[in-house]
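I have placed the structure first, in the form of structure tokens, so that the comments after it can refer back to it.
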Amino acid sequence: MWLFLAALLVVCALQIALGALPTRIYGHDLFVLLDGAWRVASGQTPCVDFYSGLGVLVWDPLRWALALDGYRADAIGLARAFYTAVLGIWFLLLIRRDRARIPSLVLGFFFLIFISAARPLGEYPTWISHAMFYNRIGYALLFLIILEQLPVSRFQAADAPAPAAERSGTLFWGGLSTGAALACTVLLKVSFVLPGVLLLASGLFSFGVRRKHLLGVLTGGLAAALGALAFLHFQPAAFLRETVALGHARQGMLYSQTVSVIVEEVGNLGFALAAGLVIAIACFRGRQTALKYMFATLVVVGCDVFCRATNAMRGDLPLAAFWSLSGAMLLFSLPARSETRQRLTFQRAVAAMALFPITVPLFAKDLASSADAAYETAVLASQQQPHFDSARLRSWTPLDWQGDDPDAKNANGAPLIASTNDGIRLLQSLSGPNETVSSIAFDNPFSFALGRRPPEGGATWLNVSNNVSTSDPLPERSLIGQPDLLMVQHTTGEEAAEIQTILSLYPDLLAREYSLIGKSQYWSLYRRNR
């Protein structure tokens, strides 16, 4: 697998070189990631000292990358290369004994391009951004569970006239991988936990519970949990409290989002299920094995719908794409010598049906996004661009928004730079470097940008019906924090409505606890009353 390792090295080097990317969409999200990582680097613990919304496996690698890269925004590229390297090697260890080298290599290239892509899932290839990159990591963990629990090789073995017994060592180490991957979904983002459990349960149902395998699952999960407790400052009780709070903020959304996904993707979902049915009929002689494969297909597609509904994605079905690719590789790898020409033509046609509706478009968009990121970075290097008034942010250039949504215009490009610089100058002129600052806006870029100690408490982002509940609001300290200074953004459209909603949840906040000390074009600055 030297070819895979070479590709992994190239992809990681590219991610490091691209750094923060010339971001086209969701520019605010990078501020969220930098703020959370800066809080952890400053000694704060997620879910305890601040309302994080994400797991320690997001914040700690970012914190390590910031330390290595001198606390610059470009550290996000180094962090993503770290994820790609770890997951790539993990994938390689899982497939190292697979005799079908070419199909495994194809799956591996898909895996690498997927986790390293420069666009948020569901967006156009030219809308490049690091926003929500952790969703790709969550999906990659689910890929690893599928690769161990539901590989086509297990279905082939079960379909053989005299199924060979799986070696106990393979069972244990495979279980260890799945247990660790499942634990990592908890430590990354809780919305990936249920799909991981369902995929594991599907494998156990299809192939039975083996003592060695189950021991491996428990060992892998326990090892990951203990590692998180010892080295990542994971706090289970605080994590559970925050998970409940997030559930209250998002209640009622799952059903509507699920229906929306099914309606929008009915064609692709139908293709994925049809491909699974035809692959089951074409590849497996035993009726029982074919039924198990169809059941696994149904579980994978259902998990994809759930992930899409719970992860703020506007498109793509990654699990269905990975599953369809593995099925197509099975068809391509079937021995040709015992088949008629007509039969082989049928197999190729089925493989194409499995690939082209879902897998090929996803792979093409991901590959194109990374190519576009490299092109945009090269072009910007030779041009004079507006920049942030912060040495930590200066290497990052958000690009102007080119879509139809007027609210997105202020969150990207020159407007984002202008509003951030306006706030930086206001803080520099009216406050001291030892005063902590928070903001009532979608994000708080100022602690990281100015290198100030983060405030106690508060959230890394504020978004009504996402992490802000209007029916069951969190205590003020959890959502707003106890900063010395509070910045309130002047904006328009949906952002302005959200800010007013948040202020209405704490009607006495500004009048009782803070005094206005200055205003600028984009911000009002308040100081806490002593």
Side-chain angles (χ1 to χ4, degrees), residues 3-4 6-26 29-30 76-77 79-88 90-92 103-144 146-147 188-189 192 265 268 271-272 300 304 307-308 311-329 354-378 399:
L3 188 58
F4 179 84
L8 177 61
L9 184 63
V10 169
V11 167
C12 291
L14 179 63
Q15 288 183 293
I16 295 171
L18 293 177
L21 296 182
T23 304
R24 180 72 71 183
I25 190 172
Y26 306 136
D29 277 40
L30 185 56
I76 184 72
R80 290 202 61 182
F82 169 80
Y83 288 111
T84 302
V86 171
L87 290 169
W90 192 340
F91 182 94
L92 184 61
S104 297
L105 200 58
V106 171
L107 284 171
F109 286 141
F110 176 89
F111 186 82
L112 285 184
I113 296 301
F114 177 84
I115 57 179
S116 63
R119 70 179 182 103
L121 281 164
E123 306 299 345
Y124 294 113
T126 54
W127 290 8
I128 53 178
S129 175
H130 285 300
M132 296 174 283
F133 80 89
Y134 40 79
N135 286 342
R136 291 185 177 274
I137 308 305
Y139 275 109
L141 292 169
L142 297 184
F143 291 166
L144 294 174
I146 291 175
L147 196 63
L188 181 86
K189 194 179 182 188
F192 289 101
E265 298 286 354
N268 284 332
F271 265 116
V300 169
D304 222 356
C307 289
R308 170 83 171 270
N311 285 298
M313 290 163 51
R314 299 196 293 190
D316 295 327
L317 295 168
L319 294 180
F322 187 78
W323 183 252
S324 297
L325 179 61
S326 66
M329 290 302 100
L355 286 174
F356 282 98
I358 305 174
T359 306
V360 171
L362 177 62
F363 180 81
K365 287 187 289 186
D366 285 347
L367 185 61
S369 72
S370 296
D372 185 63
Y375 170 77
E376 294 283 6
T377 301
L399 303 175

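All values derive from a computational prediction rather than experimental measurement.
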Could you check whether any side-chain heavy atom of Phe111 comes within less than 4.5 Å of a side-chain heavy atom of Leu144, counting everything from C-beta outward? yes
Interatomic distance, Asp372 atom CG to Trp127 atom CH2 [nearest 0.5 angstrom]: 13.0 Å
Can you find a heavy atom in the side chain of Ile358 that is under 4.5 Å from one in the side chain of Leu362? no
Between the side chain of Ser370 and the main-chain N/O of Leu367, is any donor-acceptor distance below 3.5 Å? no
State, with a plain yes or no, whether a side-chain heavy atom of Leu121 is found less than 4.5 Å away from one of Arg136. yes
Does the plane of the ring in Phe143 sit parallel, tilted or perpendicular to the ring in Tyr139? Use 30° and 60° as the thresholds. tilted
Mind checking the CD1-CG spacing from Ile115 to Leu87? Nearest 0.5 Å is all I need. 5.0 Å
Side chain to side chain, Ser326 and Leu107, heavy atoms closer than 4.5 Å: yes
Is it the case that over 12 heavy atoms from other parts of the model lie below 6.0 angstrom from the OH atom of Tyr124? no
Distance (rounded to the nearest 0.5 Å) between Leu21 CG and Arg80 CZ: 7.5 Å
Heavy atoms, side chains only, cut-off 4.5 Å: are Asp29 and Ser129 in contact? no
Using every non-hydrogen atom in the two residues, find where Leu112 and Ser116 come nearest and quote the distance to one decimal. O-OG, 2.7 Å
Would you compute the distance between atom CZ of Phe271 and atom OG1 of Thr359 and round it to the nearest 0.5 angstrom? 12.0 Å
Distance (rounded to the nearest 0.5 Å) between Leu317 CG and Asp304 CG: 4.5 Å
Charged N to carboxylate O under 4.0 angstrom, Arg24 versus Glu123? no
Mind checking whether Trp90 and Leu141 have side chains closer than 4.5 Å, heavy atoms only? yes
Could you report the tightest heavy-atom contact between Gly122 and Asp316, atom names first, then the distance? N-OD2, 2.7 Å
Please round to the nearest 0.5 Å and tell me the distance separating atom SG of Cys307 and atom CG of Asn135. 8.5 Å
Considering all heavy atoms of both residues, which atom of Ala81 and which atom of Gln15 are nearest to each other, and what is their separation? CA-OE1, 3.4 Å
What heavy-atom pair brings Leu8 and Thr84 nearest, and what distance separates the two atoms? CD1-O, 3.5 Å
Residue pair Ala131 / Tyr26: nearest heavy atoms and the distance that separates them: CB-CB, 3.5 Å
Check: Glu265 and Arg308 side chains under 4.5 Å, non-hydrogen atoms: yes
Which atom of Asn311 lies closest to which atom of Met132, heavy atoms considered: O-SD, 4.3 Å
Ring-ring centroid check Phe322 Phe114, cutoff 6.0 Å: no
